[in-house]
Amino acid sequence: MNSEDKSPGGGAKNVAIVGSPNLEFYGGTQVNVIQSAEILSALGFKITIFGSGTYFERRNVDLGGKIGYIKNAFPFDPFSWRIVQKISRGVSEPLIGMFTSRRIMKIVGNHDGYYFTAPKFIFRSISGRIDSRKRVLLANHGTYLEFLSSRRGILSRALINLFDSIFLKYANRQNTFIHTQNTFQREHYLKRGIPGERIFLIPQCDVDFSRYAVRKNDEFRVLFLNRLSKDKGAHLIPTIANKCSGVNFIVVGDGPLLNEIKSNAGENVRLTGFLSEEEKEREVEMCDVILNLSNYESLSISSIEGLAAGLRIISKERTSGLTFISESVEGAVDFSDGSVRSICEIVEKIRREKEADLGKFVEGKEGIRKRAEAIFDRNVIDRKMEMMFKAVFGPTRNDED
């Protein structure tokens with residue numbers, strides 16, 4: 001059956017969203033996919049999302065009745081199998097389509113437009129088979145660029161060039177447009193010779209600033225809001241908290257290191273586990289600082305959630321995402337030298353600032369929130385996304401009628 005028959009509605013242009021693990025994984029990419037699908041649907045496009053499998057599920061997803069979703073859309077591809085993704089911890093997912101491009105194209109079918117979530121094999125395998133008159137949008141959610149660029153050495157640079165030659169083979173076609181999350185990504189595509197007019201820089205996030213408030217907290221608290229895994233730096237939490245024994249830490253999230261953190265952290269660490277959106281927002285407001293301990297990130301949605309409540313960000317590494325946030329929101333990010341000692345020194349410095357002048361400290365938080373809201377609030381992002389989708393995919397058939 002052609003995938004178009006599985007999409008709800010009729011009469012409008014149809015767009016396929018391809019390249020995301022199943023939405024039930026519910027990471028940053030999946031949140032962005034849902035947001036994009038909802039914006040496209042509201043504009044009058046008919047949407048079908050093709051899930052590429054996942055090795056574990058975080059939550060159920062309800063898309064309503066207007067957006068089509070095909071879970072585990074490519075079960076014939078070995079790289080999409082749950083056991084393979086589990087063993088590789090998701091590393092196999094970008095390889096989907098390496099050997100099955102013809103069958104994948106039959107599943108995805110003929111659409112008026114194609115939205116790919118990141119440069120990977122599935123982009124290459126389908127792009128080579130798409131009519132050159134059809135519009136293609138290549139987003140950059142969770143790319144190899146940040147991962148490899150965080151590693152210094154000749155091999156990493158060589159791998160970036162190799163993956164560029166493979167995954168981005170069709171990115172310079174006239175029918176293909178690029179959505180980048182930060183200036184680092186934009187510069188990368190410009191260096192590859194893609195014209196700037198075909199590159200959109202929109203730091204996509206789904207953070208509603210109106211749901212957060214700046215609080216005049218009586219106690220200085222530091223927040224960690226992320227998946228509890230080594231790539232997010234969660235293994236450093238007990239060491240940091242033990243060195244900053246006079247500071248209270250709130251850890252919001254779940255993941256494979258939860259029990260390890262419970263065992264090693266002191267009494268100044270409170271672990272909440274996974275929270276509802278409302279509960280999470282209140283925990284964020286109770287804090288003054290948010291730790292970002294990731295080795296690589298293209299944007300960092302959790303950090304932007306912190307900005308919505310005026311929190312300062314302490315960064316372990318100069319990731320492309322946090323560099324972009326720092327350039328966009330003055331005074332929002334304090335960069336460490338990558339060591340636990342440096343992180344703790346910044347924590348203590350900010351605590352002394354609050355203790356010295358609480359009123360001035362709260363004014364600083366309000367300023368951070370105000371500057372960040374103008375750039376990252378959902379309403380701002382939604383408008384930019386709408387403009388991008390209209391520029392790439394054009395008016396719907398309903399508009400033309």
Short side-chain to backbone donor-acceptor contact, D112 and V15, under 3.5 Å: no

Donor-acceptor under 3.5 Å (R371 side chain, A332 main chain): no

Donor-acceptor contact below 3.5 Å, side chain N268 vs main chain N248: no

Heavy atoms from other residues, nucleotides or ligands near CZ of R173 exceed 12 (cutoff 6.0 Å): yes

Electrostatic pair D218-R221, nearest N-O below 4.0 angstrom: yes

Donor-acceptor contact present, side-chain H179 to main-chain I202, <3.5 Å: yes

Lys/Arg N to Asp/Glu carboxylate O, K349 vs E353, below 4.0 Å: yes

Validation row: K243, V347 side chains within 4.5 angstrom (heavy atoms): no

Spatial distance of atom CG (D62) from atom CD1 (I34) [nearest 0.5 Å]: 10.0 Å

S80 side chain near N72 side chain, heavy-atom distance below 4.5 Å: no

Electrostatic pair E345-R341, nearest N-O below 4.0 angstrom: yes

E348 vs C244, side chain to side chain contact (heavy atoms under 4.5 Å, CB included): CA-CA, chis, key distance, verdict: CA-CA 8 Å; E348 295 294 351; C244 299; 3.9 Å; yes

Stepwise side chain to side chain contact (heavy atoms under 4.5 Å, CB included) check, M385 with L40: CA-CA 9 Å; M385 296 289 289; L40 283 162; over 6 Å; no

Side-chain donor-acceptor contact under 3.5 Å, S320 with E146: yes

Minimum heavy-atom distance between A309 and V284, given as atom pair plus value: CB-CG1, 3.9 Å

Basic-acidic side-chain contact under 4.0 Å: E278, R211: yes

Atom NZ of K280: over 12 foreign heavy atoms under 6.0 Å: yes

Test item: D208 and D377 side chains (from C-beta on) under 4.5 Å apart, heavy atoms: yes

Candidate list T323, N140, L145, test side-chain contact (heavy atoms from CB on, under 4.5 Å), partner F184, passing option: L145

Q204 and S36: side chain donor to acceptor below 3.5 Å: yes

Donor-acceptor contact present, side-chain K120 to main-chain G19, <3.5 Å: yes

Which atom of I301 lies closest to which atom of C205, heavy atoms considered: CD1-CB, 3.3 Å

Side-chain donor or acceptor of S41 paired with backbone N/O of E38 under 3.5 Å: no

I325 vs F376 side-chain heavy atoms within contact, under 4.5 Å: yes

Short side-chain donor-acceptor distance under 3.5 Å, R129 and S101: yes

Non-hydrogen side-chain atoms of L228 and F224 separated by less than 4.5 Å: yes

Y144 ring center near F167 ring center (under 6.0 Å): yes

Heavy-atom side-chain contact between F79 and T100 under 4.5 Å: no

CG on L299 to CD on Q181, rounded to 0.5 Å: 5.5 Å

Neighbour count above 12 (heavy atom, 6.0 Å) for D131 CG: yes

Matching residue for H188 among T143, I194, I178, D164 - test: side-chain contact (heavy atoms from CB on, under 4.5 Å): D164

CG on N182 to OG1 on T319, rounded to 0.5 Å: 8.5 Å

Close side-chain approach of Q174 and R198, heavy atoms under 4.5 Å: yes

I96 vs F121, side chain to side chain contact (heavy atoms under 4.5 Å, CB included): CA-CA, chis, key distance, verdict: CA-CA 6 Å; I96 294 172; F121 258 107; over 6 Å; no

Nearest-0.5 Å distance, OG of residue S302 to CG of residue L307: 9.5 Å

Working for side chain to side chain contact (heavy atoms under 4.5 Å, CB included), residues N292 and E297: CA-CA 10 Å; N292 188 306; E297 278 184 323; 2.8 Å; yes

Q30 and E24 side chains, donor-acceptor separation under 3.5 Å: no

Charged N-O contact under 4.0 Å between K370 and E373: no

I237 side, atom CD1; I261 side, atom CD1 - distance, nearest 0.5 Å: 4.0 Å

Ring geometry between F50 and H111 (parallel below 30°, tilted from 30 to 60°, perpendicular above 60°): perpendicular

Beyond-backbone contact of I126 with Y170, side-chain heavy atoms, under 4.5 angstrom: no

Closest approach of K230 to L257 (non-hydrogen atoms, all atoms of both residues): N-CD1, 3.6 Å

K134 atom NZ, over 12 foreign heavy atoms within 6.0 Å: yes

Short side-chain to backbone donor-acceptor contact, D334 and I314, under 3.5 Å: no

Closest heavy-atom pair and its distance - G97, D77: N-OD2, 2.9 Å

No-hydrogen, no-angle side-chain donor-acceptor test under 3.5 Å, N217 and E285: no

Flag, side chain of R186 to backbone of T180, donor-acceptor distance under 3.5 Å: no

Donor-acceptor pair, side chain of K316 and main chain of I343, under 3.5 angstrom: no

Closest approach of F249 to A241 (non-hydrogen atoms, all atoms of both residues): CE1-CA, 3.6 Å

Rounded distance [0.5 Å steps], CZ in R192 versus CG in L190: 12.0 Å

Exercise: identify the closest heavy-atom pair between A391 and F200: CB-CZ, 4.0 Å

Short side-chain to backbone donor-acceptor contact, S298 and G321, under 3.5 Å: no

Enclosure of E330 CD (heavy-atom neighbours >12, cutoff 6.0 Å): no

